[in-house]
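Everything numeric here is computed off the predicted structure, so don't read it as measured data. Proteins get letters first, then strands, A, B, ... in listed order; numbering begins at 1 in each.
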Amino acid sequence: MKRLSFQYTISIVFEWPVADHAFLLRCLPPSLPGQRILDVCLSLFPCVPYALQRDAFGNLIELGRICAPHDSFTYGVTGSALMDGTPTEPEPLFPVYRFPSAYTRPDCALSEFGRSLPLTGSPAEMSLQLAQAVHGLFTYTPGITGVKTTAARAFSLRQGVCQDYTHVFLALARLRGIPARYVSGLLTGEGSSHAWAEIYDGERWMGVDPTHCRPADDSYIRFNVGRDFDDCAMERGVFHGGASQSQSVASRVTEQ
Amino acid sequence: MNELIQRSTDVNKQLSRYGVKFGIYKNNVFEERLFPFDTIPRILSAQEFAFLEKGLAQRVTALNLFLNDVYGKKQIISDAVIPEDFVYLSSGYLPQCEGLAPPKGISSHISGIDLVQSKNGDWYILEDNLRIPSGASYPLIARSLCRKCSPETFRKNRITDNRNYGQLLRSVMDYVNTGGLNVILTPGRFNAAYFEHSYLAEQSGAVLAESGDLYVENSQLFYRTNRGGERVGAIYRRISDEYLDPLCFLPDSLIGIPNLMTAYRAGTVAVLNAPGNGVADDKGIYYFVPKMIRYYLHEEPILRNAPTYLPFYEEDLRFVLDRLSSLVIKDVAEAGGYGVIFGRDLTKEALDTLKSAIVAEPRRFIAQEVIDFLDLPVMEDNQRVDRKADLRAFVLTGDSVTVWPSGLTRFSRDPESFVVNSSQGGGFKDTWVMSR
């Protein structure tokens, strides 16, 4: 059992002021088996009220609207979580996790690679073999891929970041009949958010991190799950104004 | 009726004055076309309409139950009536709509069901349109102009009045309204069906709005006025699902309303038709509609599907490959008369290419027997000629299920063509339902 304190801040700076800015955030971690959120605080700047809801994948969403012109938007989350190592509970499978999604639809090359992999054992064992395969294939390289890079594209580049590792992993797992989903969250020792995968072993979900080639243990704080990055994006927004924007991220997870 | 036919030019002139146009994109260029109107009506006897009415209401009731089930408990899948592939691989299935309970449990408020009549008089369902079926405004305005051009015709014949469509639409909107305005959301005047959006707003007393007129705050939808925001209780959106909310679906959409889906999920606004309906009017799901009727209603389907084969099933696949040249093949991902292939029109090579496409992706195609349509007379250069025609019936679901006593009859202007779709340059007729 360990207690993690986490801090995650995103700042978006617009070149020119924008207005009528509607946003949807997914930046609050829920309490889950094995992960008890002890306290959490969301702060927004400009400071506006927000509504809370759950989306179709069960994630917490925070939504609101900033009417007045503003040249930056910052949201920050701080809190602490008790990671008690409780295994996830058995739950029925939401079948969409069996099928390809927009970011994880394999092309010929990726399908061929996936079919050629010799996988043996239980789904949990197979998922680690898959994570090894992806890990072995990729060179971790920031800046080559972007938020819109698909699994097929990342596979052809053999380079990318956690999001790309995860998309390729998901494409392969689903191709081989293992239901799998994307997880976004925070990891101790990382300076920004992290992405990994969960596979369904017929009864419950189990975390596996292809970027680090290991099972996701109690140093991983889960925020959102979905078919791929698109369902789990921490922030989406639309606004009036043609400003270009730059974004900075600061994140810290420490053991107390 | 002869007098009406003689006034054909007048009616068409009036229609163009009212802007009854149909916009299409051809090679990425937007073109507005007049939607040619033929004054010879399709006539349905009271008895025939009563039969169609029963069958259509039954079908739409089952489709609504299916939509609630598929985004809810999914019993039809767990009971193995529909294989899950056909649901989750359908492009119309939207996981973002999982667990949503539409106000009053209605998902398909305005359903456009396309039928054809075969030469021996039997009716067949061609397809269901449960997303944003267009076309009701055309026979609606044509009827009122015909009445003006030839009042005599309507005095002599006992025709059921069809001019209540606006009231029907309004009563459906009022029924699901959660407290606030009724709004019709249009993408704007460059949309193929803009005439219809504005005409229906006028006829139903709803506010015609574009996305910039609407916003979501505190999980509620508002219409901008100079006195501030006014709450919207029901929105009949004429924008397809993927453009509806840039924060939920396609992020680049400029015609949607940010966070509309969260207001909908919070239950503060009714969205007509419900997002995600595409899963039920998918060409692959079509095959299963008769099974749905038996499953949910424990009744035998009153109206028949065209005989359909699913290459997804091994047995059907072999049959389809054998008889490909006599079947019509439809790509389930395409709409608007595109992706419809008649086997008999294909060369040997093209047939082989199609065969391998079907073998590679059997789930993508359905195959149907070609129905020998009953031709309808059409005036062309002062001559009566026969053309293929179909019928789009409008079924409105509110407090009860009502079939509009009229419908859009579309005909193909090309005598060789079996594809009747306004996107493919056909014309239309009024549909008369006789009152006795």
Original post:
In terms of heavy-atom pairs under 4.5 Å with chain B, which of Ala51(A), Pro95(A), Ala22(A) leads?
Top reply: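 The candidate making the most pairs under 4.5 Å is Pro95(A).
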Original post:
More than 12 non-hydrogen atoms from neighbouring residues, nucleotides or ligands closer than 6.0 Å to CG on Leu254(B), yes or no?
Top reply: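 Counting neighbours around CG of Leu254(B), 12 or fewer heavy atoms of other residues, nucleotides or ligands fall under 6.0 Å, so no.
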Which donor-acceptor pairs lie under 3.5 Å between chain A and chain B?
from, atom 1, to, atom 2, distance (Å)
Asp20(A), OD2, Arg224(B), NH2, 2.9
Phe23(A), O, Asn259(B), ND2, 3.1
Gln53(A), NE2, Thr262(B), O, 2.7
Arg65(A), NH1, Glu217(B), OE2, 2.6
Arg98(A), NE, Glu84(B), OE2, 2.8
Arg98(A), NH2, Glu84(B), OE1, 3.2
Arg98(A), NH2, Glu84(B), OE2, 2.7
Arg236(A), NH2, Pro246(B), O, 3.3
Arg236(A), NH2, Phe249(B), O, 2.6

**OP:** Please look at Leu89(B) and chain A and tell me whether the side chain, the backbone, both or neither of the residue comes under 4.5 angstrom of a heavy atom of that chain.
**Re:**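 Looking at Leu89(B), just its side chain touches chain A.
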Original post:
Which answer fits Val87(B), side chain, backbone, both or neither, if we ask what part of it has an atom under 4.5 Å from a heavy atom of chain A?
Top reply: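 Neither part, no heavy atoms under 4.5 Å.
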**OP:** For each of Cys248(B), Gly212(B), Gly99(B), tally heavy-atom pairs with chain A at distances under 4.5 Å, and name the one with the top tally.
**Re:**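 Ranked by contacts with chain A, first place is Cys248(B).
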Subject >> Closest contact, heavy atoms only, Pro95(B) versus Ala56(A) >> reply: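 For Pro95(B) and Ala56(A), the tightest heavy-atom pair comes out as O-CB, 3.1 Å.
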Original post:
Which atom pair, heavy atoms only, marks the closest approach of Val238(A) to Pro251(B)?
Top reply: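 Of all heavy-atom pairs spanning Val238(A) and Pro251(B), the closest is CG1-O, 4.3 Å.
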